[in-house]
Every structure is written in structure tokens, then in C-alpha cells.
2 protein chains.
Amino acid sequence: MSSKWEELAADKRDRLAKTIPSEWKLQRLPDTSSAFDYLKTSGVLSSQELEITESSATDLVADLATGKRKSVDVTTAFCKRAAYAQQLTNCMLEFFPEAAIAQAKELDAYYEENRKPVGPLHGLPISLKDQLRVKGYETSMGYISWLGKYDKEDSVLTLLLRKAGAVFYTKTSVPQTLMVCETVNNIVGRTVNPRNKAWSCGGSSGGEGAMVGARGGVIGVGTDIGGSIRIPSAFNFLYGIRPSHGRMPYAKMANSMEGQETVHSVVGPIAHSAADIRLFLKAVLTKEPWKYDSKVVPMPWRQDAEDAAKAKIEGQKLTVGVYNWDRNVLPHPPVLRGVEMVSEAIKKNGHKVVPWEPYKHAYGVDLINGIYAGDGCTDVYRDINASGEPPIPNIKDLLNPNIKAVDMNKLWDIHLEKWNYQMEYLEKWREAEQQLGTELDVIIGPISPTAAIRHDQFKYYGYASCINLLDFTSVVVPVTFADKNKDVKNGKHQPVNDLDKEVQAEYDPEAYHGAPVAVQVIGRRLSEEKTLAIAEEVGRLLGNVVTP
Amino acid sequence: MSSKWEELAADKRDRLAKTIPSEWKLQRLPDTSSAFDYLKTSGVLSSQELEITESSATDLVADLATGKRKSVDVTTAFCKRAAYAQQLTNCMLEFFPEAAIAQAKELDAYYEENRKPVGPLHGLPISLKDQLRVKGYETSMGYISWLGKYDKEDSVLTLLLRKAGAVFYTKTSVPQTLMVCETVNNIVGRTVNPRNKAWSCGGSSGGEGAMVGARGGVIGVGTDIGGSIRIPSAFNFLYGIRPSHGRMPYAKMANSMEGQETVHSVVGPIAHSAADIRLFLKAVLTKEPWKYDSKVVPMPWRQDAEDAAKAKIEGQKLTVGVYNWDRNVLPHPPVLRGVEMVSEAIKKNGHKVVPWEPYKHAYGVDLINGIYAGDGCTDVYRDINASGEPPIPNIKDLLNPNIKAVDMNKLWDIHLEKWNYQMEYLEKWREAEQQLGTELDVIIGPISPTAAIRHDQFKYYGYASCINLLDFTSVVVPVTFADKNKDVKNGKHQPVNDLDKEVQAEYDPEAYHGAPVAVQVIGRRLSEEKTLAIAEEVGRLLGNVVTP
């Protein structure tokens, strides 16, 4: 006999399965490990559907804004591809294609009548991580105990995207608690990587990673407190931005450890190109999010900063700091090669590359780990235990309920440590600029020690989380794919700690063969315009390939 | 026999007294309650010294930048006037005129050699609240236990002001703990109002209020977590800005409850005019504080925002919300009259004035009071008890050591309450704009329920602190002076609570006669350019009188 929580989970899975129209249902799962290949080649999508879903968002909104395309066609195509992506990767927690198509029809009618778009995202479907509230739908965030609660209002970002003309059709899966970089929960189970079901899609915005990776979505919205936008972007060969805190509105979303403000989770887009990331950010900023969410800085898109970065790029005047490891956990050979590729591409184009010495990253990683568990994990265990469901395996290791909560004075000490660390990092940046006699435009390094990883193997969050602690802007750029012929096991590295040893030992050239490899382009706090422009250029220099 | 802490305090007072050159010493205290009048009329200052110290900072830096004045003259004049201000109001904790004059001579030499200023504040003396660290001097912040510790480095703001060309000569007194709006500590005792020693100079930046009020300084630097810049500005007929958090660098300053980040203390200038406030802010921003202090938003002075506000002012197109009480504690008659004067002046000039309904201010005030005491006052009592000194009377009431600290999950709940309250306030602002069909440019209301208050009577912080909770930008504008003939006791008000009754009962037309009255001009978060421009206009419309 199944327990109450298992019944609730089964009921949710049933309800979710029923949202897929029968004509979009696979009779049986295809014999392939790659949803990505299947969707392109199996013929389940018409050539028009393929054309739409493989367009850029930038092109789609241009066509929607001029009446060349109808939202109902675009929305239907993405709903259909999303339905297949769901069946192949298990990436959803909510799906509402009927409502989406109705919304699309309304937008088309508006266009018909007014001959103009309602906003910069007119008619474009956008997929949402299951933290964003959409009026009328559940936000379970992977907790059984949250099932059955229907949202009475939109999150601020949902509201503003809606005003900008976006269409909503799905909310994607997340790991229980959101605090890990794989995507497993007790409601729908595990989400897999569309390129290879043996690999993780990353997390916590892993449903978005898989959905956008499979082109069931063109832009997906994720959140990031320790890599949760950037890891799924990296593992799915996508671009993703972790904006600095205060740039995008997080208000009225669901969250774990709500009210924790020592390190803020941030919200941002995952997409196939830097241009589509920019489209999203600019669209949201035109809606003046600071008038809704008090945490958002009143800073419209700074075209001057973007233009200045582009002028520097054209003039071959960039100075880029590069590091290939953080002195705490050495990346696998494919990642080291990826960083080297980026470095060479930048140099070859006439820009300057200088080595960056990562400043006390191990210290930063320890500090942020203490912050995550500041309440002794009371909050997450309350929500897990409310239904009787067990913690997922990754959580048991990471968020130990025996950790003691810190008291207020200890918290204040941690705040000072964080502030001092951030300022020391800025000092290193200034010192480098003084030595160079010029601006250090960005820093590039790994985002994860591994390419898209095998399930249950994700162990080291530090490449991502240290940047969260610093609140730097970071954009993930897809670079290449692991190659068993090029990326041979590293026999020479002397591990500097147990985790380093463990991560290195996990490398298997055969298992990783073909897995996406990425880097992150890091700019100072609230430098989205500049950092994104440089990330875009890095992608361009690499050939910006989207398929292997 | 005196105790150890009393000896330490006496030693500090001795050392401080010795910093005043004998030629600037008063043989006996004059028989006047007004340092302000005495400094103007007694002849202790030469006409040149009066001219310099009664100039605006804007004029002084213009003259210093063109070589029309020497920093040594300006600095000496302010040091001398500050020395007298100290003897009459007891406003200092540190004084170092010799070092200041030496610094001024270096700047003059630089000018001589390079024929240009080192920065936008070249040669201008700036007085600092005793939270800012100046390399080589003590920062006691009014705690006996902190005496004798000499700073090894500048605070970030000190460093940037220094780079901008400012000269330092004094650090001014504060109340023990900084958490009250009067200025009393066990080291130097009480600072009094230069206009009448029976009145408070305000607090916690009360030393700055008295110093700049007496024109011993032309711009003073204060901090504000619940009114501490704005109350001293109001009580001394000065302008003062509470910038929003993240605009000015607070890093590496001393503080009470360091690391408390639920409501940030902010740093900003106190001055005789809005123009001088602007001079200070712009000067600091040219030094890119965000490259030093990670909490500062990378937002240079937005000239476009200032220009847009000025165009609206010229076009008589402002829409101003006004409230004269917060529905929690009714202001005294002089303050109600002051708000009315402002309202009439704005209307008369063709702008629109609309009533503003203060949204749940009493709730906001309760919320922020809980935040101040979040650690159960452990932090402040540790620093008080370290020397054995007693708490000052105001502290005993406000910061009760029996208050229980909140735990982490309760703190997170408070964070959510704060965020929600801020957003509801923004919603009210948006709703008002929707109803008006136009932007609501600023809101104007009282900054304190009283004019400059008699000692030990300051009881209600809510007019100031609610704005801290909202993190709105707020500029204090001096309005008028209490007048026993116009401001008769209010017999009709039905008190809404005990504090309301107590505050109202304290009003005495005779005792308050002549006391400065001010309002605050409130803009949305990080709206310094616009809010300051409107505050400047309000001052201009009022006649911007500096003397009664």
C-alpha cells in the first residue's frame, strides 16, 4: 500500500500526464538516449514546427511584431515540442497548452485590431521554472506538501512578462528544496539531459535547462543562488545569465528559505543566444520593475554601457582575466580544454588575455555554505516533513538537519566576513587594473568542474557559488563538447583535498564523450550590459555552434 | 574616587581640550544661550573668517579651484570657528587642526605647481561624524571601551573624499550606541543646539548638526538608520539627505550592530543648501565608490534625472503628495504649520499638491523597532559593559537588555514582512499615479513630531524610521521657526495612543519659541537626483532663509 505522500505524487503525475493532448502523445518511448536528436529527426514535428521552434526569440518577436507570424502558430509549435520534451526528459511540473493558445489568440486579436504589438515580447512563449507563480496554477516547487495550492496572483516577473506580451504554457521541474544542481523530486522524479538521458540536465533550474535545451522553449526563466541558472545552461549548451541581485524582480515567487537575505537568489533567463538573453532583460526593464519590487534597482537598460563594450570589442581592446581552476577542485580535462579554447580565441582576435589568480575561492565557498544552512535547515525540513516524503539523496548529504542554526550575532559576523571578502576581491581587481594600466573588462573561468555530469555525481558547487557570494554578474557561454580522444584522464594532478580527489576520480572519458562544456564570463556587480556583450563576442569567436 | 571608566573619559576630555590652540580658547563661557549669535557678533572671528565660514561650499570650491582662495585660509577659518563651536556646544570627539592645516598646505602647493585642483573638493574642509575612520585617529563612537584605538586605515568614504581633495579636521560627537536622536555620551557628555543650548542638536549625527549649524563646518558627514542625518539637519535648520542604501560607500566605518543588514544604516551629507549636498554626492560618485565598497550600486550621478526634474519644476508640472501626520503620533503645532507653509508655497507656484495617506506607518515603525533590537541588544551592551560605563538615559528606555534575540527563521519572517510592506507602499504609489493620470513626483511630510526639542524629550522616531524601512531617498528642508504667537497648543486632538498623548503634552509654545522646523521630501528608492532637485525648489519657494 502506498503512503499518503506517494498518493499525492501519483495524483499529480496523473493530472500532469492528462494535460498533454492525445495527438501529441508518444505511444512508446523511442529507442534513443537523445531527445535532442529525436525531436529533430523523427518527424513528430512538421517542418514549420521545426522552423519555428529552432528560430531565435529575437527573430520570432520581430516577425510577431510585424504580423509575419501569428502567436497561435508560435505558441502551438512550442507547446507541441514541449509536450514531446516532457515525455522524453520529464522536465515539467505544470503544462497548460489550452490556456496558452487562448492567450496567444487574444494577442493575435489585439494585433489584428491595433496593428501593433502589446509589448516587446508580443506573442512569444516563455517557459517558467516552478517558482514563478502564474495565477490559477499550482506552485509545488517539488514539495509534496505544496501540491494543491493554486496561486491567486502572478509573481512580479510573471506580471511584467505578461505586460510585455509573453505567453505562458509550462512551469518546469526543480529538485526538492532547489538547493542542488541536479533535478530530482518525489513528485515527478528525475529530469534528464535532452542530449543524453544518462547525463544530468543540471539544477536547480534543470527543468528549464532540459526544456530550452530540447527547444521546447526558446527562453526559459530560472533562478540562481549557487549556480542554478548557470549549471543547467552549461549542461545543455545554452547561454544563461546570473544577473546581480537587484536587477530583475524576484518578488512574490516561491522559494526555499524565503526571507534569507545574506545571499540573495536571483532570477534570469536561459536561452540559445546572448541576443535572446538581452531581449528578455531589456523587455523586463522597459516595464520598470523597481516600481513593483522594492529590491530592484531603478536602472533601465544602459545602452551606453552596451555600446561602449561593443566599441571596445570592435577595436580589439578587451582585457580579459582567465583562470582555469580555483585552487580548490581541479576541473576535468574537457573543462580545462574549454577554458584554453576560449583563451586562444580571444587572443587570436587581438584582445589581451591575462592570468587571473582566483582570490581565496575556497574561503568564499566555505562561507557561502555556512550561509545556506544558516537556520540549521529548519525551513527546508519543515516543508519536506510536512508531507512525510523523504529527502532526495543529494539533499541528505548537503543539508544535514543536524547542522546547528547560527544566532543573530554570529549572522552579523558572517555578514561582515562576506562584505570584507567582496571588498578584498574588488581590491584585487583594482590592483590588477593598476598593474595593467587599463581596465580589466571581465574574468573568465569554469562554471563547473565537469561537463554535463552523470546522475547523482554533482558534488562541487564552488565555481558557481563563489560568484553568488561576490554578487558579480555572470554569463554562461557554451564552448565545446567533451571528446574522449582529446580529453584524456589527468594522471598528474596532486589532489589538494578529498573533494578534489573525488571529483577528479569521477572523470571517465567514455561516459562524458559528447557532453556540453561551458565557461562563465564574470563582470563586476550590476554589469549586465557589458558582461553580456563580451559573452556574446566570446560565443561568436568560438563559432557559436548550437549543435555538436 | 573616580572609577576606571571615568578616568578614561576624563583623560579623553583633557586630550581633546589640548587640541584647541590657546589663541582660540575662550577665557570664560559667554553669557548667551546661542552659540550661533555669539559666533556672528562677538568679534572672535575676523570679517574674513566670517566671510569664509559663511560661504557656501559650492562657492568655496569654485574659488579654490581657480586659485582665488587658498585652502590654508579656508581650513584655518573653519578650524577656528569649529574650536569655538566646540567650546560653546561640546560637539567634538576629535580635533586635529594642525594636521588639517598641513594637509591644506600640501593641496595649496599642489595647486601652485599644477595650476589645477586635485579633485572636485580641492581644499575644502569637511567634518566627519565619529564613525568615519581617519588613519591615525581614534574612533570611539562615544564608547569608553573603544578609546585609545587608533585607526590604521581610512574608511572608504574618507579615502574617496581625500582623493576628491577634502581636508579633515574634526570628528564629531554621537550618542552612545548611535541609536537615539539626541547626542549624549559618557566621554564628553551632551552636545547642545547652537541656536539655543536648551534645545537638542538632534542625533545621532548630532555633533555634525551642531558643528555645521554653527558653521564650524560647511558640509558634515552623518549616518542614518532611523533619522540620524535628518533629525540633526531639521533641528539645526539645515539640509540633509538620507540617500538610499547602496548610493554612498559605508564600508570600513565603525558602527553599532555591525553586520546587521535587515535595515542598513546609510551615510550622507548635512549642509546649508541643497546645492552643497549635490556637490558632495557628485564628488563622491566621480570616484566610483562601487569599485571599493561592494554594497554601492554602480550608478554615477544621473544628470539626465536632475535635468528632467528641473524641467518639470520650471514647467510648473510637479505633483506632490503631502501628509501632515502619520496617524500614529500627531506633530506639534509648529510642525503642522510648517507642512502647511510648504504645501501653500508649492501650490502657489502652480504645481499640484495632493493629499497622501500614509500607508500603515505605525506598522512600519513597529517592524523596524523589532529589527533594531534583533540581537536582544547583545551587541550594544557588550560595548557598553566592556568599560563598566552606564548606559545613557535614552538608551535604557530604548534598548532594553531584557529584549529576547530573534532566531534565524523569525528573522527571515521579518525580512518578508519588510519586503511585502515596501511593495505594498510602492503599490499605493502606483495606484495614486494611476488615479492622478500622472507621476507622483515626491511625498512631503514631517521628519519629527517636534521642532528642535528640549533635552531628554525625544520620544518618537517614527516619522524618520518608517522611511528607513522603506529605503526611500529623503531630503530634509528647513522651513521655519516655532512661534509662540502662531503655534498655540492644540486642544482638540484626541490621542490615538499613549505615545501620541505624551508627545502632544510635551508641547510648550514658550520653550519651543524660535526652534527650527523642517519637513522631509521623500522620493522612491535611489532617486537622489530628482528628490534633491525638488527639495532645492521647495527651499527656494520658502525663501530658503538661513537665519530666523
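Below, chain A is the first sequence line, B the second, and so on; all start at residue 1.
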Donor-acceptor pairs, chain B vs chain A, cutoff 3.5 Å:
unit_1: B:Gly259; atom_1: O; unit_2: A:His415; atom_2: ND1; d: 2.5
unit_1: B:Glu261; atom_1: OE1; unit_2: A:Lys418; atom_2: NZ; d: 3.1
unit_1: B:Lys291; atom_1: O; unit_2: A:Arg430; atom_2: NH1; d: 2.8
unit_1: B:Asp293; atom_1: OD1; unit_2: A:Trp419; atom_2: NE1; d: 2.8
unit_1: B:Ser294; atom_1: O; unit_2: A:Arg525; atom_2: NH1; d: 2.8
unit_1: B:Ser294; atom_1: OG; unit_2: A:Gln422; atom_2: OE1; d: 2.7
unit_1: B:Lys295; atom_1: O; unit_2: A:Arg525; atom_2: NH1; d: 3.3
unit_1: B:Val296; atom_1: O; unit_2: A:Arg525; atom_2: NH1; d: 3.4
unit_1: B:Asp375; atom_1: OD2; unit_2: A:Asn409; atom_2: ND2; d: 3.0
unit_1: B:Asn409; atom_1: ND2; unit_2: A:Asp375; atom_2: OD2; d: 3.0
unit_1: B:His415; atom_1: ND1; unit_2: A:Gly259; atom_2: O; d: 2.5
unit_1: B:Lys418; atom_1: NZ; unit_2: A:Glu261; atom_2: OE1; d: 3.0
unit_1: B:Trp419; atom_1: NE1; unit_2: A:Asp293; atom_2: OD1; d: 2.9
unit_1: B:Gln422; atom_1: OE1; unit_2: A:Ser294; atom_2: OG; d: 2.7
unit_1: B:Arg430; atom_1: NH1; unit_2: A:Lys291; atom_2: O; d: 2.8
unit_1: B:Arg525; atom_1: NH1; unit_2: A:Ser294; atom_2: O; d: 2.8
unit_1: B:Arg525; atom_1: NH1; unit_2: A:Lys295; atom_2: O; d: 3.3
unit_1: B:Arg525; atom_1: NH1; unit_2: A:Val296; atom_2: O; d: 3.4

Q. Which atom names give the shortest non-hydrogen contact between A:Ala251 and B:Met423, and what distance separates them?
A. CB-SD, 3.2 Å
Q.
With side-chain contact (heavy atoms from CB on, under 4.5 Å) as the criterion, how do B:Met299 and A:Val297 come out once you've worked through the C-alpha distance, each side chain's angles and the decisive distance to 0.1 Å?
A. CA-CA 10 Å; B:Met299 189 183 269; A:Val297 171; 3.7 Å; yes
Q: Against chain A, label B:Val296 side chain, backbone, both or neither, depending on which of its atoms sit under 4.5 Å from a heavy atom there.
A: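 Backbone only.
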